[in-house]
Amino acid sequence: MTSRLETIFLKDTTSTSAHAKDCLADGLELPFAVIADKQSGGHGQQGRAWLSPKGNGYLSLVLPGAGLETKASPLVPLWVAASVAEFLHKRLGIAPTLKWPNDILFGGRKIGGILCETATSGHQLSHVIIGIGLNIRIAPDLKEAAEGQPTTCLLDLMDGSDSWEKQSDVRSFMALLASQLSLIWQQGWNDSHWYSQYERFHIAEGQPFVPRGKQTEPTVGSWLWRGIGPTGESRWQTSAGEKTVTTGDHGLKWALQVVADKPFQLLQVDIGNTATKIEVRSVSKDGVKISEHRSFLNTIPDDELGPQVGLLAASLGGALSSGYCVGVNPPMRARLTAICADHGIALINLIPRPVRMASSVYDQGQMGRDRKTLIEGALSHRRYRNRELVIVSMGTATTIDAIDSDHAHVGGYILAGLQTQLDSLGKKGAQLPGLSLVADNNPLPPLADHLDRGGIFAGTTEQAIIYGTLRSLYATVRSIADAREKASGKPVAVIVTGGYADALAGFANWTYHPSLLMDGLTAIVLGGFGSH
Ligand code: BTN
């Protein structure tokens, strides 16, 4: 059942929510929306003012209670936050970060706020007034209003006004948001989809929060985010055990948000089975730049690894006190965590957000952190948005994941990595040599040249082994991409990443993307950068 949404557009008002209440008192039929170009008395959470200049979006949407019980009201703002995040992601390609209960952030800066007011009749909600403010053209200075809260705006996150202009104007954008929310509400808001979207966009589990105004960096004593409970409460890990908080005014600040009001260095670590990569990215309002990249084998002894991390810390002049890692190798993670701690760096083990699954065949628990992070990385790139994707990551194992144009995971494969295959042939085949894909004296021309030449047979045993291994992976990926193309009727972009991925680069328009996992880490920590 759908009905047209009555929408009132105002040039100026004190507050769209106040206006909505007047309309309710006048008996206007539900649902309806009030949208204003500016507000002179906009209000926000905890009785704060919401600065509302012309150029940003102000919406109050009034929806019927839909038979919901009063005790469900704490869930409503979370549902709205998840729905707004999904809307921004789908429409603009921006993956915001949610902060419980309903802050909408990007890179630690606020891009929007939600204020829900519910009215009850007996044990049921009679209606809800959903107030949403989005910073579209202007990042208001909230220093006075909200204790130094840094802000940003959608225009700054996109490629400038041109690309916004192509999308829409402020009024129609807010009207579209209102009609989408009202539609989802009518179709039954209380399904599990919003819950997984909330988790997907929320600050990742395990990230630290610090007492507001006291500490500036995460140290012992910070609270770690654990997720939301069944009635929308927040769950935390503290030094005194698990704690639950129900009020948004908890006096805690996301540790990263403390530093996000000025340019900062983001330390990221990718711990693979055989190698570890460390990157430092400089994050500023203008974007993210890689300022340091080091890669080393996991067999490097501690007395060499320690100085390497030390040099990195020193080169940053002590600016680094925390870093984020994702890894499939717990012993190496423990080693590195201890070494980082010696240099005053808290290495936070990032728990990637859930990936949306197209079917229930694969469950979240089955999918490794590295794969989830890769998918985040791909989806943080504007050019891969709403595309059919096949993501190939080549390391000790080769993983292949298909993502549909709705950003859901369709399925995947795990194969022995190329070098792993070569090693095992060398070990098990009495007559066969152990070969290295990256040997300096590798006499092979690139696989592309080999295939171009017809390349059915290779001359030497070495060539037969290496080309055979590469070619079988090529054929596997090709056949998966073809199958997806057939099933979806859309072109498929193949992205290859990882240690040996350049061996397959240049093929059939596949894109070699060396930093996909690191991009995923950045996207999980800060939000997905719509602009790269
Ligand atoms: C927050 O403090 O984060 C919530 C801000 C909510 C602002 C919106 S703008 C539209 C509606 N009208 C208001 O006066 N407040 C809400």
Side-chain angles (χ1 to χ4, degrees), residues 7-24 31-63 73-74 76-85 87-88 96-106 108-119 127-154 170-171 173-178 181-182 201-203 212 234 247-254 257:
T7 305
I8 300 159
F9 292 101
L10 304 169
K11 276 202 168 134
D12 196 355
T13 185
T14 46
S15 151
T16 49
S17 293
H19 191 93
K21 282 177 204 158
D22 291 344
C23 294
L24 266 172
F32 67 87
V34 181
I35 291 170
D37 296 339
K38 58 179 180 161
Q39 303 183 120
S40 52
H43 43 262
Q45 295 162 28
Q46 278 106 47
R48 295 195 190 108
W50 184 257
L51 295 182
S52 310
K54 186 168 162 49
N56 289 343
Y58 312 102
L59 158 73
S60 292
L61 174 65
V62 187
L63 297 171
S73 44
V76 176
L78 309 185
W79 169 78
V80 180
S83 306
V84 172
F87 178 79
L88 293 178
T97 301
L98 298 179
K99 180 162 78 71
W100 186 88
N102 52 11
D103 274 351
I104 309 172
L105 310 172
F106 196 97
R109 297 162 186 273
K110 193 147 164 162
I111 43 174
I114 294 163
L115 187 65
C116 293
E117 296 165 74
T118 48
H127 65 256
V128 294
I129 305 176
I130 297 168
I132 301 173
L134 283 181
N135 300 339
I136 293 179
R137 291 180 180 280
I138 299 160
D141 190 352
L142 290 188
K143 286 208 168 47
E144 300 290 305
E147 300 173 36
Q149 166 72 62
T151 57
T152 185
C153 62
L154 294 176
V170 173
R171 275 191 177 194
F173 188 72
M174 296 308 284
L176 191 65
L177 172 61
L181 288 175
S182 138
F201 287 107
H202 196 276
I203 292 164
R212 196 186 292 272
S234 61
T247 158
D249 195 11
H250 46 54
L252 292 167
K253 201 160 182 171
W254 176 27
Q257 202 175 344

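When a ligand or atom number is given, it counts from 1 through the structure's own listing order. We use all heavy atoms of the structure for the numbers below, so side chains are in, but hydrogens, waters and symmetry mates are not. Residues: numbered from 1 along the sequence shown.
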Item to check | side chain to side chain donor-acceptor pair (under 3.5 Å) partners of Asn102, counting only residues at least two apart | outcome: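 Only Gln45 meet the side chain to side chain donor-acceptor pair (under 3.5 Å) criterion with Asn102.
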
Heavy-atom closest contact ([X] atom, [Y] atom, distance):
X	Y	result
Ile136	Gly57	CD1-N, 3.9 Å
Ile114	Cys116	CG2-SG, 3.8 Å
Arg171	Phe9	NH1-CB, 3.5 Å

Item to check | Side-chain donor or acceptor of Ser52 paired with backbone N/O of Trp50 under 3.5 Å | outcome: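 Answer holds: yes.
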
Checklist entry - Would you say the side-chain atoms of Tyr58 pair up with the backbone N or O of Pro53, donor to acceptor, closer than 3.5 Å? => result yes

Are there any protein N or O atoms under 3.5 Å from the N or O atoms of ligand 1? List them with distances, or say none.
residue, atom, partner, partner atom, Å
ligand 1, 2 (O), Gln45, N, 2.7
ligand 1, 3 (O), Gln45, NE2, 3.2
ligand 1, 3 (O), Lys110, NZ, 2.8
ligand 1, 12 (N), Thr16, OG1, 3.2
ligand 1, 12 (N), Gln39, OE1, 3.0
ligand 1, 14 (O), Ser15, OG, 2.9
ligand 1, 14 (O), His43, N, 2.8
ligand 1, 15 (N), His43, O, 2.7

